[in-house]
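Structure first, commentary second.
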Amino acid sequence: MLQRPRGTRDFLPAEMEQRRSVENAMRRIAHTWGYREVCTPTFEELELFTLRSGEGIIEEMYVFEDKGGRKLALRPEVTASVLRAYVNVGKTLAKPLRWYYFADCFRYERPQKGRYRQFWQFGVELIGQDTPLAEAEVIMLAQDLLSASGITFTLHVGHLGFMRALLGGLAPEDQKKVRILLDKKNYDGLSAFLSSRGESGLSDRLTALVECRKLDDALAITGDMPGKERIRELFSILDQAGVPYTLNPGIARGLDYYTGMVFEAFAENLGAENQVAGGGTYRLAHLFGGEDTPSCGFAIGFDRVMVARGDIPGTPAVRVGVAHTPDARDWALHVAAAFRSAGILTESDLSGKNLSQQIASISRNADFALIIGRREQEKRSVTLKDLRSGTQKELSLAQAIAEVNGDDSCR
RNA sequence: GCCAGGGUGGGGUAGUUGGUUAUCCUAGGGGACUGUGGAUCCCCCGACCCGGGUUCGAGUCUCGGCCCUGGCCCCA
């Protein structure tokens, strides 16, 4: 038997309904913040991604050549595409741009819990505004979106300025090594490494900074630093707005294109892959041939949100099944059409079996049965049977629709 | 790429020291039954992940691969 490709999934209706319900909740939230959807190609020129992240990522991408010999890649994330689109077709729009996307991405990695080779991201980019308020808005929107998804999570907010203030004296290569050691909490290794660079005093200050959870303490460690007032303002906005965040000066996000604020969100009960969102302030547009443009954004790992959320049964729509005798087919079709026009989920029995069997079949998954036989057809009426109470009555079409809709609104 | 544990009908399972036609539940389909309920009866569908090896004989032992689940690495 043919198997689906490794790291991909099939979603059956029950799961798709849950996914769509969360997706729609996120869309609604983004909409109320004034963010509008964009859609970019599923595949892009390979260079778009190597420009952003270096040649190393080719190993972890789906890369292919098309029939014209172009080097292409399935998108491993969407931010690069969105910024490319901005440079290509969006740069004359009035700033700031508030954009969001919901898109599947592809990475060639070892699948595990919350990690698949095809996965979905819900992301937001705020382009062309470089203020603490803009950064705060993006964080608050992330908070709003994750809350709406129904998961419990913690939000960690940091700023690259802290670490830069301490590491400024080191060569870029050494800075990277330090960040990796810090990220792994390998403090002995860190201390040894910094001693070898004649910076032994830095080690304690760095570890203190990474563990630090109060802004004043962090600033005390870094001393005077560029952008200090701006950082104060950002966190003051978050405090004023009551955003439940944890200060985490240790977030490095490992990437060179982040320029200031960075944040991550972690969900419970997700195992090793518990990060459900990440983002920050960055600059990318100039890499793709545009003007240097400040941007801020994040992506939510939609599949991880769904795993963290667990099964939350939705309220099923009221369902109506239509049973009919062969001589009443035309009236039955008319009745079904009228119910659907009224917005009611209406399934016609297609089997042509006798009424008894049709009703038996309908009663397995519907709330009401409509029974349409010659009697009803002649009187232009319907027999509506409430399958939960077992009661039934013969009604006009309009009355029956009102009855079912009334029941629906009580749910 | 690395480590560990797994893989028997669609789902869940039994399968003894290797030994008939692989068990049971459930789901699905069909029939009996043409104006009223999920019933009943009968029938059907459908599995040992794939390939090599050992053996008279492999679901069972062995090797390789694939896939799944955790974890490591990575994480744009």
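Every chain is numbered from 1 and lettered A, B, ... according to where its sequence line falls, protein lines coming before strand lines.
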**Request:** Searching all strands shown, indicate the nucleotide that pairs with U20(B) (Watson-Crick or G-U wobble; both distances under 3.5 Å).
**Result:** none
**Item:** Pair partner, C48(B) [Watson-Crick or wobble, under 3.5 Å]
**Value:** none
**Asked** Any idea how Phe43(A) and Phe64(A) line up, ring-wise: parallel (<30°), tilted (30 to 60°), or perpendicular (>60°)?
**Response** perpendicular
**Request:** Assign a letter to each nucleotide of nucleotides 36-46 of chain B from its 5' end: B, base within under 4.0 Å of a protein heavy atom; S, sugar-phosphate only; -, no contact.
**Result:** BBB--------
**Asked** So, does the side chain of Arg4(A) form a donor-acceptor pair with the base of C68(B) at under 3.5 Å?
**Response** no
**Asked** Distance under 6.0 Å and angle within 45° of the ring axis: does Arg374(A) meet both against Trp331(A)?
**Response** no
**Request:** Check the distance between C73(B)'s P and Glu60(A)'s CD and give it to me in whole angstrom.
**Result:** 14 Å
**Asked** How is Gly7(A) classified with respect to the nucleic acid when contacts are heavy atoms under 4.0 Å: base, sugar-phosphate, or nothing?
**Response** sugar-phosphate
**Request:** Scan every strand shown for a Watson-Crick or G-U wobble partner of A27(B), both distances under 3.5 Å, and answer none if you come up empty.
**Result:** none
**Asked** Is any N or O donor-acceptor pair between the side chain of Arg329(A) and the base of U34(B) shorter than 3.5 Å?
**Response** no
**Request:** Tell me whether U26(B) sits syn or anti, counting syn as a glycosidic angle within 90° of 0.
**Result:** anti
**Request:** Please state whether the base of G70(B) and the side chain of Arg110(A) form at least one donor-acceptor pair under 3.5 Å?
**Result:** yes
**Request:** Counting heavy atoms from C-beta on, name the nucleotide in C75(B), G71(B), A76(B) closest to the side chain of Pro76(A).
**Result:** A76(B)
**Item:** Taking every non-hydrogen atom, the tightest pair across Ala267(A) and Ile151(A)
**Value:** CB-CD1, 4.2 Å
**Request:** Specify the separation, in whole Å, of atom CZ of Arg115(A) and atom P of A76(B).
**Result:** 11 Å
**Asked** Under 4.5 Å between any side-chain heavy atoms of Val63(A) and Tyr108(A), yes or no?
**Response** no
**Item:** Asp144(A)/Arg28(A) salt bridge by N-O under 4.0 Å criterion
**Value:** no
**Asked** Is it true that Asp104(A) and Arg75(A) have a side-chain N and a carboxylate O under 4.0 angstrom from each other?
**Response** yes
**Asked** Between Arg6(A) and C68(B), does any side-chain N or O lie under 4.0 Å from OP1 or OP2?
**Response** yes
**Prompt:** How are the rings of Tyr258(A) and Tyr282(A) set to each other: parallel, tilted or perpendicular (split at 30° and 60°)?
**Reply:** perpendicular
**Request:** Using both distances under 3.5 Å as the test, list the Watson-Crick or G-U wobble partner of C72(B), or none.
**Result:** G1(B)
**Message:** Just the rounded figure in Å: distance from C1' of C67(B) to CD of Gln112(A).
**Reply:** 16 Å
**Request:** Mind checking Glu109(A) for me? I need base, sugar-phosphate or nothing, with any heavy atom below 4.0 Å counting as a touch.
**Result:** base
